[in-house]
*Asks:* 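Submitted below is the structure of interest, expressed as structure tokens.
Order of listing sets the numbers, starting from 1, for every ligand and every atom in it. Treat the numbers as computed from the prediction; the structure is a model and nothing was measured.
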Amino acid sequence: MQMYSHSVRLEKEKCIGCTDCIKRCPTEAIRVRGSKAQIIEERCIDCGNCIRICRNGAKKAVTDDWRMLGRFKHRVALPAPSFYAQFPKAKSIEHILNALYAIGFTDVLEVGAAGEVIAEKTYAWLEEATHFPVISSSCPAIVRLIQRRFPSLIHQVLPIISPMELAARYVRECYKKQGASREEVGIFFLSPCPAKATEIRRPKGIKESEVDGVIGMQDIYKKVLPYLNSEGVDKIIRQTSLEGLKWARRTGGLNEVRLKSHLSVDGMDNVIGILEKVEDGTLTEVHYIEALACTGGCLGGALTVENPFVSRCYLQKWMEQDKKEKRVQNTELLEDIAKMPVRYEKSIVPRPVFSLDHDTQKAIEKMQAIEELYTQLPQIDCGSCGAPTCRCFAEDVVRHNAQIEECIFMFRKKVKELSENMHELTQTTLPTADEN
Ligand code: SF4
Ligand code: SF4
């Protein structure tokens with residue numbers, strides 16, 4: 001039996017079948033059937049949109065349990081740069097890192113440091129790339145979106161692992177050198193979004209992730225709060241510079257000055273609009289696209305605590321502080337991290353969930369059937385059938401995943417036709433009293 005590897009789940013008892021979520025799913029992965037939402041697994045990219053939309057809390061992110069830490073002798077936290085923007089009241093980033101030790105971690109590596117290395121590797125790749133624009137691969141929801149909805153663009157995805165994965169690789173290697181066994185070292189990413197949790201279970205471009213667990217920022221937030229201003233900060237050595245913090249921004253972690261022609265896009269609808277242009281071949285002048293699924297970049301992730309616009313302001317505060325302190329890059333550490341391999345070990349493959357059939361002839365026939373049915377539908381995308389659009393509903397019917405009568409308009413039409421037929425029948429064939 002195949003395991004459910006997604007990080008977004010439905011809590012059925014909380015779902016009232018309101019259909020709010022179906023229209024906001026970028027891959028048309030949600031249907032409401034029998035008054036309950038259903039996620040079509042192969043279509044879901046774990047973007048977390050439906051978690052934000054549902055007012056009833058029926059969609060939940062599945063991350064790892066905090067108690068998992070207890071299984072390891074060495075417990076290493078990998079805080080994403082967006083983590084710092086959740087704690088504006090801390091005196092410094094060192095205080096936030098110190099709080100991580102206070103709550104049970106034995107070691108911390110700031111993911112921003114790995115981000116600084118990935119930025120350098122990306123500049124290098126852009127020099128040798130042959131297909132432009134190159135599309136960033138740090139947001140796993142975007143890579144999954146490309147696999148499903150824009151498979152023709154797969155060869156343009158940057159074939160470099162994420163800062164999270166690089167940080168974990170480096171930590172694993174360090175402990176290995178110290179003689180610690182794999183079982184003794186638990187590496188935990190403190191994540192702003194559910195897509196990262198799926199990423200460690202089903203990594204793309206690599207065989208296995210070195211991350212053992214993903215803990216949502218929301219789950220750790222309250223644990224950290226009481227320790228934000230406690231003693232011990234003098235022992236903390238920061239690993240990131242301003243450059244590393246930039247990975248939490250809406251525009252991503254690269255330095256615009258070093259890029260020839262760069263485009264940043266955030267928010268799923270905007271990303272889809274840009275990828276459609278890339279697919280049409282109208283963006284060939286652009287060298288690099290930084291695409292992030294959440295509005296506001298990682299600061300807008302479904303597992304963050306702060307509003308993304310507010311946390312952007314808090315991030316700015318930490319960046320200003322780093323500027324004031326003239327924090328420079330930790331060159332020795334970055335050089336060490338840069339020795340780790342970062343290129344994809346295997347190609348990412350298309351998962352064209354929108355294709356109608358493997359057989360081209362059958363696919364054409366199904367497309368014609370969908371078009372034909374679509375013309376009979378009201379085309380107002382009301383969602384009362386449980387599908388996000390009328391076209392999507394037509395596709396569900398042709399795929400035998402829905403009945404035509406589930407459309408309220410088609411149902412009414414059918415009832416009307418039936419009653420007219422009945423009426424006609426009574427007029428023409430009922431025997432009269434005189435008849436023998
Ligand atoms: S938004 Fe979706 S999951 Fe939430 S109650 Fe409505 S139908 Fe159910
Ligand atoms: S997580 Fe995203 S892709 Fe998956 S069902 Fe929710 S909205 Fe759709």
*Asks:* With backbone taken as N, CA, C and O and side chain as the heavy atoms from C-beta onward, which portion of Lys59 lies under 4.0 Å from ligand 1: side chain, backbone, both, or neither?
*Replies:*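 For Lys59, the contact with ligand 1 is made by the side chain alone.
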*Asks:* Please state which protein non-hydrogen atom is closest to atom 8 (Fe) of ligand 2 and give its distance, to 0.1 Å?
*Replies:* Cys25 SG, 2.3 Å
*Asks:* Considering only heavy atoms of Asp20, which atoms of ligand 1 have at least one such atom less than 4.0 Å away?
*Replies:* 1 (S)
*Asks:* Report yes or no: does Cys47 have an N/O/S atom closer than 2.8 Å to atom 8 (Fe) of ligand 2?
*Replies:*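 Here the distance criterion (N, O or S atom, under 2.8 Å) is not met by Cys47, so no.
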*Asks:* List ligand 2 atoms under 4.0 Å from Cys50, heavy atoms only on the residue side.
*Replies:* 1 (S), 5 (S), 6 (Fe), 7 (S)
*Asks:* Would you say the side chain of Arg202 lies within less than 4.5 Å of the side chain of His6, judging by non-hydrogen atoms?
*Replies:* yes
*Asks:* Should the pair Tyr288 and His262 be assigned to parallel (<30°), tilted (30 to 60°) or perpendicular (>60°) ring geometry?
*Replies:*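 Aromatic pair Tyr288/His262 classed parallel.
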*Asks:* Within ligand 2, which atoms have a heavy atom of Asn49 less than 4.0 Å away?
*Replies:*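 Taking each heavy atom of Asn49 in turn, ligand 2 has 7 (S) under 4.0 Å.
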*Asks:* Can any side-chain N or O of Ser136 pair as donor or acceptor with the backbone N or O of Ser138 at less than 3.5 Å?
*Replies:* no
*Asks:* Do side-chain atoms of Lys121 reach the backbone of Ala338 as a donor and acceptor pair under 3.5 angstrom?
*Replies:* yes
*Asks:* Any N/O/S atom from Cys15 (main chain or side chain) under 2.8 Å of atom 8 (Fe) of ligand 1?
*Replies:*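 Within the cut-off used here (under 2.8 Å), Cys15 does place an N, O or S atom near atom 8 (Fe) of ligand 1.
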*Asks:* Provide the number and element of each atom of ligand 2 under 4.0 Å from a heavy atom of Ile30.
*Replies:*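 Counting atoms of ligand 2 from 1, those under 4.0 Å from Ile30 are 5 (S).
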*Asks:* Of Glu110, Glu116, Lys246, Lys323, which meets side chain to side chain donor-acceptor pair (under 3.5 Å) against Ser241?
*Replies:*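 Of the listed options, the one satisfying the test is Glu116.
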*Asks:* Is there a heavy atom of Ile53 sitting under 4.0 angstrom from any atom of ligand 1?
*Replies:* no
*Asks:* Which ligand 2 atoms are under 4.0 Å away from a heavy-atom of Gly48?
*Replies:* 1 (S), 2 (Fe)
*Asks:* Would you mind checking which non-hydrogen protein atom is closest to atom 6 (Fe) of ligand 1, with the distance to 0.1 Å?
*Replies:*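 Residue, atom and distance for the closest contact: Cys18 SG, 2.2 Å.
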*Asks:* Would you say Cys54 has an N, O or S atom lying under 2.8 Å from atom 4 (Fe) of ligand 1?
*Replies:* yes
*Asks:* Kindly check if the number of other-residue, nucleotide or ligand heavy atoms within 6.0 Å of CD (Glu13) is above 12?
*Replies:*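 Counting neighbours around CD of Glu13, more than 12 heavy atoms of other residues, nucleotides or ligands fall under 6.0 Å, so yes.
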*Asks:* How does Leu10 reach ligand 1, if at all, at less than 4.0 Å between non-hydrogen atoms: by side chain, backbone, both, or neither?
*Replies:*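 Near ligand 1, Leu10 shows its side chain, while the N, CA, C and O stay back.
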*Asks:* Side chains of residues 125-134: which donor-acceptor partners sit under 3.5 Å, not counting sequence neighbours?
*Replies:*
| unit_1 | atom_1 | unit_2 | atom_2 | d |
| --- | --- | --- | --- | --- |
| Glu128 | OE2 | Arg343 | NH2 | 3.1 |

*Asks:* Checking contacts here: is it the side chain or the backbone of Ile45 that comes within 4.0 Å of ligand 2, counting heavy atoms only? Could be both or neither.
*Replies:* both
*Asks:* Using only heavy-atom distances, determine whether the side chains of Glu320 and Gln316 contain a donor-acceptor pair under 3.5 Å.
*Replies:* yes
*Asks:* What are the atoms of ligand 1, with element, lying closer than 4.0 Å to any heavy atom of Asn56?
*Replies:* 5 (S)
*Asks:* Which of these passes side chain to side chain contact (heavy atoms under 4.5 Å, CB included) with Phe105: Leu97, Val76, Leu69?
*Replies:* Leu69
*Asks:* Show the atoms of ligand 2 that are less than 4.0 angstrom away from any heavy atom in Thr27.
*Replies:* 3 (S)
*Asks:* Just which atoms of ligand 2 are under 4.0 Å from any heavy atom in Cys44?
*Replies:*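 Result: 1 (S), 3 (S), 4 (Fe), 5 (S).
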*Asks:* Pair Asp212, Arg71 - check salt bridge (Lys or Arg N to Asp or Glu O under 4.0 Å), show working.
*Replies:* CA-CA 11 Å; Asp212 294 295; Arg71 300 212 313 245; over 6 Å; no
*Asks:* Using atom types as modelled and distance alone, determine if a side-chain donor or acceptor of Thr282 lies under 3.5 Å from a backbone N or O of Lys277.
*Replies:*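 A pair under 3.5 Å: yes.
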*Asks:* Can you tell which part of Ile51 has a heavy atom less than 4.0 Å from ligand 2: side chain, backbone, both or neither?
*Replies:* neither
*Asks:* Report, in ascending order of atom number, the atoms of ligand 1 lying under 4.0 Å from any heavy atom of Cys21.
*Replies:*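 That gives atoms 1 (S), 2 (Fe), 3 (S), 7 (S) of ligand 1.
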*Asks:* Between Tyr123 and Leu259, does the side-chain contact (heavy atoms from CB on, under 4.5 Å) criterion hold? Intermediate values first, please.
*Replies:* CA-CA 7 Å; Tyr123 303 131; Leu259 295 163; 4.1 Å; yes
